[in-house]
Structures are given as C-alpha cells and as structure tokens.
Amino acid sequence: MMENKEFDTIIVGGSYAGLSAAMALGRSLRSVLIIDSGLSCNRQTPHSHNFLTQDGATPREISEAAKKQVLKYPTVKFSSDTVISAARSINGFEVLTQKSQKLRSKKILFATGVKDIMPDMKGFADCWGISVLHCPYCHGYEVAHKNLGILANGDTAFELCQLIQHWSGSLTLFTDGKSALTEEQWGLVRKLGIGVVEKKINELIYDSGHIAAIAFEDGNRSEIDAIFARVPFEQHCGIPATMGCKMTEQGYIEVDFSQQTSVEGVFCAGDNTTPLRAVSLAVSSGTIAGASINMQLLSEELPTHSQISQ
C-alpha cells in the first residue's frame, strides 16, 4: 500500500495526456500520483504516426519511454490500479481505488480516454487499429494507393468518401445494406469515382488483424487491403459525469482552454474531451492541463491582499 495518501494532484489515466500532465507538474515540484488501469484504447495499434520524433514507433514504445522519463521526477508516483470513485472533500478530493486505496488530492485530472464500441460484425474488432482504421492522418500514408474500403452509411459515409478519396484511386464504399445517401451525395460519390456496394456483410476475412476480403451474405467477396470506419464511443470513465462535469452533445467532457471542466478543481485532457484523437494532441492537452493546475495551485497558495497588508 502507498505510504503517502495526500497529493497536490491525482491523475486518473497514465497514457499520453496523463503522463504529459504529470511531467509538467513534476517539473513544477508538485506531488503527483498517476493511477492507471493499463487499458489504453490504442493498445492493438501496431504503429503510431504523425507525431514528431516518434513517427512509426509503437504506442507501447512511446508510453513506456514517456513513463520512464516522467518517473525520474521524484515527486511523481505511479500506481497500477483503477479508480472506482472520486468526490469532493474539505480540502480537495478523495479518491477510492479498486485496491481499496483511499487517497486525497487538491486537484484531480481525468485523462481516461474513450472506449470504442465495436459493431457486431465478425472480424471487425480483431482488425480494429490494424487494418480497420479510424484516421487517415494517423494511418492513411501506409495504405495509400491500395485497394481501400469505407464501411459506413448516410452522412458519415459521405464525409469519409470526401476525406479518404485523396489517399487512393481504388476506393469502394460498403454500406452494409441499402444506401442512405441522398441523391446529391450519390452524385458527388460517383464523380469521385468511388464504387458503392449495398450488400449486407457477413464477416471480414483476415489474418492476424490484416484484412484480406469482405464476405457478403450472398456468398460473394470483395478483396480489400484496408477499411476506414467510424464507430460510436462511450467515456471510458464515468466518474467525471457523476461529479457533475458538463458533457457536450457529442458525449465528450466539456473543458475550457485550460482543460478545466465545469467543476472547480476537476480537469480533463486527451481523447475524453475531443474527437481529434492523436498522440500529439493528447500530449499537448496534457501539458496545458498540468501547467493550468500548477497555476491554480499557485493562486490558491499566494497570500491574499488582506494578509499582505497586515
């Protein structure tokens, strides 16, 4: 069990945003505890891209190097655990973990990310992050000019068609049933040279996460090298909502520029606050959160005008 039970800040979530915030706070001589369950959303992704100095590294390599650097700061501690509740206390917050740790902090930061909800399609979850992709900026270059697919329908399909067509001249939209595209959307998709297949999908044929073909209910197949898709999500951690943090219409935690939520002293950073999911952006938001927390602590520690005049 941990000897120190009180910290300037408890960070829930020890991936990119959480570690980045911990570094900013550690360098500000703040006592910090990072609590992490080890369930990052990109743990299945083989390589991370579009992050200067780390392009092509695995998510694990980046996070392990970051953790090693962050824990060099003596005021930063790490706990492999899961936070099950957090509530306001007299001097800040009290946190309870799965391992029955009762901890206190002046501020709390949730860098807990989101949980992708996989469709009920055989092979989809096994290929997610490997050959079923969510972001062309993260993974488009590696599959450029290949035989690509888009798995979506309606407005989402139309949006992805416009976005992905730049990466390959061989692109097919699979709507998994009757298309919900409007007549105007159909017209633009045709002009872009994108084929549309409205057959119901039975499963994705793959090997070690790498898709080879889409198998339809009618017995036919379409060979494919990679698919772009969007899936719904939910907050990986529901505690901020139970604490009263406002949520956006899209389901993200609402924060201001300083990563402060609607609840004083509660900060959030990373994928739980934005649809722009990238390692570089998570790191950036974590740095902002760490600096903002330190500034808030400083303002609370400075003597008031009346105390100075005494």
Side-chain angles (χ1 to χ4, degrees), residues 11-21 36-64 66 109-119 124-143 148 150-152 155-157 159-160 162-164 166-167 209 226-238 240-241 245 247-257 259 261 267-290:
I11 297 175
V12 187
S15 193
Y16 313 110
L19 290 170
S20 179
D36 184 65
S37 65
L39 296 175
S40 62
C41 68
N42 66 350
R43 58 189 179 274
Q44 191 166 288
T45 304
H47 299 284
S48 177
H49 294 282
N50 218 26
F51 184 17
L52 289 173
T53 76
Q54 299 295 329
D55 190 51
T58 67
R60 180 181 291 274
E61 287 170 344
I62 298 172
S63 60
E64 286 183 350
L109 167 65
F110 291 93
T112 44
V114 295
K115 180 181 178 181
D116 294 312
I117 302 172
M118 298 292 108
F124 190 99
D126 298 292
C127 296
W128 182 247
I130 302 171
S131 59
V132 177
L133 310 168
H134 78 285
C135 174
Y137 299 106
C138 299
H139 307 291
Y141 187 87
E142 284 63 43
V143 296
L148 303 183
I150 293 171
L151 179 53
D155 292 339
T156 299
E159 182 184 345
L160 285 174
Q162 295 175 87
L163 179 61
I164 306 301
H166 172 74
W167 269 269
I227 288 174
F228 284 90
R230 286 186 183 158
V231 298
F233 74 91
E234 62 186 12
Q235 287 288 327
H236 193 264
C237 176
C245 296
M247 310 294 290
T248 69
E249 290 182 2
Q250 294 77 29
Y252 297 100
I253 302 168
E254 187 176 290
V255 294
D256 62 17
F257 177 76
Q259 303 297 139
T261 70
F267 292 76
C268 290
D271 292 352
N272 58 2
T273 67
T274 176
L276 302 175
R277 295 169 63 176
V279 174
S280 57
L281 296 175
V283 170
S284 173
S285 68
T287 299
I288 293 170

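Sequence positions, counted from 1, serve as the residue numbers for this chain. Every heavy atom of this structure was used, including side-chain atoms; hydrogens, water molecules and symmetry mates were not.
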Are the side chains of [Y] and [X] in contact, using a 4.5 Å heavy-atom criterion?
X: F228; Y: V143; answer: yes
X: H236; Y: N272; answer: no
X: M247; Y: T261; answer: no
X: K115; Y: Q235; answer: no
X: L151; Y: F124; answer: yes
X: T274; Y: S285; answer: no
X: L109; Y: I11; answer: yes
X: I62; Y: Y16; answer: yes

Let me confirm one number: the [atom1]-[atom2] distance from [X] to [Y], rounded to the nearest 0.5 Å.
X: I227; Y: L148; atom1: CD1; atom2: CG; result: 9.5 Å
X: Y252; Y: L276; atom1: OH; atom2: CG; result: 8.0 Å
X: L133; Y: I150; atom1: CG; atom2: CD1; result: 11.5 Å
X: Q259; Y: F110; atom1: CD; atom2: CZ; result: 14.5 Å

Do S20 and T287 get their side chains close enough for a donor-acceptor pair, meaning under 3.5 Å?
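Checked: S20/T287 side chains pair up, N/O donor to acceptor below 3.5 Å.
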Keeping [X] on the side-chain end and [Y] on the backbone end, is there a donor-acceptor pair under 3.5 Å?
X: D36; Y: G14; value: yes
X: T273; Y: C268; value: no
X: E61; Y: T58; value: yes

Provide the closest heavy-atom pair for [X] versus [Y] in the form atom of the first, atom of the second, distance.
X: A66; Y: L19; value: CB-CD1, 3.8 Å
X: H134; Y: P136; value: O-CD, 4.2 Å
X: A278; Y: D271; value: N-OD1, 4.4 Å
X: A111; Y: A17; value: CB-CB, 4.0 Å

Salt bridge between D116 and R230, side-chain N to carboxylate O under 4.0 Å?
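A salt bridge is absent here (no side-chain N lies under 4.0 Å from a carboxylate O).
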Over 60° means perpendicular and under 30° means parallel, so tell me whether Y137 and W167 are parallel, tilted or perpendicular.
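Perpendicular.
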